[in-house]
Student: 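Handing you a structure now.
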Amino acid sequence: MRRACLSTRSCNSLLKHTDKFDFQRFQHSGYQSLPDVHHAKSVKDGSLQQLKVGRYVVNLYMKSRNLEYAHKLFGEMPDRDVRSWTVLISGFARTGACRMVLELFKEMLAERVCPNQFTLSSVLKSCSGLSDFGMGKGVHGWILRNGIELDVVLQNSMLDVYVKCGALDHAERLFATMKERNTVTWNIMMGAYMHIGDMEKALELFKRLPSKDGASWNTIMYGLMQNGDERCALQLLYEMVGNGVPFQNVTFSVALGLASSLYAAELGRQIHGSLVTLGIENDGYLRTSLIDMYCKCGRMDKASLIFRKMPLGAKSKFTSDEVKTEIILWSTMVSGYVRNGEHECALITFRSMLREQIMVDQFSVTSVVSSCANIGSLLLGQNIHALVQKIGYKLDVHLASCYIDMYAKCGSLSDAWMIFKQTFHPDVVLWTSMISACAVHGQGKEAVRLFELMLREGIKPNEVTFVVVLNACSHAGLIKEGCNYFSLMKEVYGIKPGTEHFTCMVDLYGRAGRLDESKQFIHENDISHLSSVWKSFLSACRLHTNLELGNWVSEKLLQLEPSDGPYVLMSNMCAANHRWQEAAEMRISMQKRGINKVPGQSWIQLKNEVHSFVMGDRSHPHSTKIYSYLDELIAKLKAIGYSMDTKLVMQDVEEEQGEAILGHHSEKLALAYGIISSASGIPIRIMKNLRVCGDCHNFIKFTSQLLDREFIVRDLHRFHHFKHGSCSCGDYW
Ligand code: ZN
Ligand code: ZN
């Protein structure tokens, strides 16, 4: 059979056949594959020289994505008509080789071959792809000059070029002169207005649109959602239902997105119901939207239920789109757990992701790194870091900031430094992460030095940087520096101080015991309406046991917000001063309002297991051993000068009993367990969810001296590195 004699029908069936062809295999197998066989044959019988056959073979190579070869072959063709040019140009356009398309188009015009609608459509798409306004406008002018008729499809392409190039005035002019407009035309224009955030104009167009199809509704609702006007989008959704416009999959996805951003779990549940009724809840894209919705509404139970029902198997047959959907699905689950504070589940899911050989995307990597940070497990963090390196992710500033934060929170400042030093061109976020890392490790002076260095490098600090720096100054007692930076922020960088900056400043004075200056600062800055400021003040009153001022502040706070904070602080303060009656009243009043004190909890990771303890906990399998060792240890510590600070017992009990409770604070239990279960000499790391109490702080200092061992305790606010009987915080925390 001669190739030149192929009828259109057999051509088509052959092309269909080539579509299904395994091109990757063909590219590695030399000349055994389909286009090459045809090529060889047509070269042999001389038919390649014929225009039609040449074009056909070029098309085959184009379809098999062997662009280079197709281009070469095209160059050898003696005759090239508009259809051959179009085969080549549209082939390159399909692969997104926009520059090539424009080059070929110029060559084609130079050969005086007149383009057809298909050629122009590919060329315009490439102009859009490159946002090449000059070229787009040039093509438009050429079309007009040559009197080529622009149908609505081409005009839409032209419109798209102007919109993508941000030439809205040109787009508006073209839109106004268009005799024929279809829904695509309107959707492009609506999209253009939405892109610049002009929702008013977009909505106006939407209302003018004569026949609204599903895509128009989806476009406008999505745009409203992106621009933060979820309420209006929801209204339109109800209108759409009212008008009986059938939902497309995208509509469901937009509706689920609305439910997520409005935290409207009930709406989400209803949409879920419709999906089940329609039998499309298993569509990959919709399933992701469903899971995302439940994650954002805090319903991880529902999300994991849908996730687990995922049809397994046949993965080898997944198309590339299905593979992408699956990756997104997994990373949605991982970040959902992180968002809801279920860090262990996040890590378990991440591990399964690796086991199932799902490609790990940047999103799940950053999520899981932040989980490690929250759990505070250095070993886990290092493992994840090594793994990500193995996968081959480049260390960009974003990932680097995540690592710095993670290492800092896991207690390894040296690892954080290592990451910081490895990063090229650190941006303000990265600098801020490193400054913060120093600050939480009690290296206030180092944090300030880094901040100064950052300014010298010409990096402009942002609001967060100032929160971090002011915090560092406050914890390190650097009052003068703190005040300087506060005015630097306002006067040089023009940043209006927010609640957090004010709170840091009140904390700065308060911690140092300058309660009057704290009060004055609140007065001068007119911030007495901010409860966080008073909370910070109250902590300072407690730290410096100023009961009178504490009472006054507590009253202020009660008026502002009847929440748990002031109650807990006040009740602790009363207790510390042996005013049990008041403390008890305060606690009763808390219980009446349904406010519960967060129980103190400490945890320690040994090998791959996390052991957590609460005060007086006897649930641990080794609790008898732990308690007897603890008693033994306390006795030894007392012999070298440690005495229990019973003033800090927060309950109304007799002295002796008080000692027992104090002796069984969760951090002491975790520490004792750590000592008896690990080899001597290894530093022990403990996490605590509340601020470490004065007695425990003292206890750990003495233990580090007695056992000549290093202890690292991360409490709610900072790290304490205990060594040779002293702590890195300098007893100021
Ligand atoms: Zn304690
Ligand atoms: Zn300390």
Side-chain angles (χ1 to χ4, degrees), residues 376 408-409 411 413 437-447 471-472 474-478 507 511-512 539 542-543 545 568-569 571-573 575-576 583 597-604 612-617 626-627 630-631 633-634 637-638 642-651 653 655 657-675 683-706 709-733:
K409 287 190 176 147
L413 192 59
C438 292
V440 292
H441 282 268
Q443 302 196 354
K445 290 202 178 95
E446 184 65 12
N471 217 342
S474 152
H475 279 265
L478 303 168
D507 201 54
R511 260 172 212 276
S539 297
R542 178 171 174 263
L543 194 70
T545 44
V568 175
L569 281 169
S571 116
N572 284 354
M573 214 160 102
K597 189 174 161 175
V598 189
Q601 197 183 5
S602 299
W603 60 98
I604 179 171
S612 62
F613 298 88
V614 292
M615 184 176 80
D617 197 348
I626 296 170
Y627 280 93
L630 196 55
D631 289 342
L633 181 64
I634 290 173
L637 293 179
K638 278 183 174 165
Y642 162 70
S643 74
M644 280 192 177
D645 187 359
T646 42
K647 214 169 64 182
L648 287 153
V649 188
M650 299 310 170
Q651 280 167 7
V653 283
E655 193 88 337
Q657 224 181 332
E659 269 204 8
I661 288 170
L662 200 56
H664 299 159
H665 270 182
S666 61
E667 53 269 56
K668 290 198 182 87
L669 294 174
L671 192 82
Y673 184 60
I675 296 169
I684 289 177
R685 294 166 198 276
I686 290 167
M687 311 282 151
K688 188 173 186 198
N689 66 339
L690 300 176
R691 184 177 167 276
V692 62
C693 85
D695 177 63
C696 287
H697 197 267
N698 207 17
F699 165 86
I700 305 171
K701 268 168 47 179
F702 274 99
T703 312
S704 75
Q705 186 190 339
L706 181 76
R709 202 164 176 176
E710 202 181 333
F711 302 111
I712 298 137
V713 179
R714 180 184 111 180
D715 74 359
L716 187 60
H717 300 294
R718 59 159 48 244
F719 275 92
H720 300 266
H721 290 255
F722 296 93
K723 217 174 170 180
H724 308 310
S726 64
C727 178
S728 63
C729 74
D731 299 335
Y732 192 89
W733 77 99

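Just follow the structure's listing: the first ligand is 1, and inside any ligand the first atom is 1.
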Student: Within this structure, what is the CG-NE2 distance for the pair L671 and H665, rounded to the nearest 0.5 Å?
Tutor: 14.0 Å
Student: N/O/S atom of H697 under 2.8 Å from the Zn ion (ligand 1), yes or no?
Tutor: no
Student: Working to 10°, measure the angle at the Zn ion (ligand 1) formed by atom ND1 of H665 and atom SG of C693.
Tutor: 110°
Student: Do the non-hydrogen side-chain atoms of L706 and L637 ever get within less than 4.5 Å of each other?
Tutor: yes
Student: Among R685, K688, K409, find the one that has a side chain to side chain contact (heavy atoms under 4.5 Å, CB included) with R714.
Tutor: K409
Student: Verify the distance test for H720 against the Zn ion (ligand 2): any N/O/S atom under 2.8 Å, yes or no.
Tutor: yes
Student: Assign the ring pair H721 / F719 to parallel, tilted or perpendicular, where the plane angle (0 to 90°) is split at 30° and 60°.
Tutor: tilted
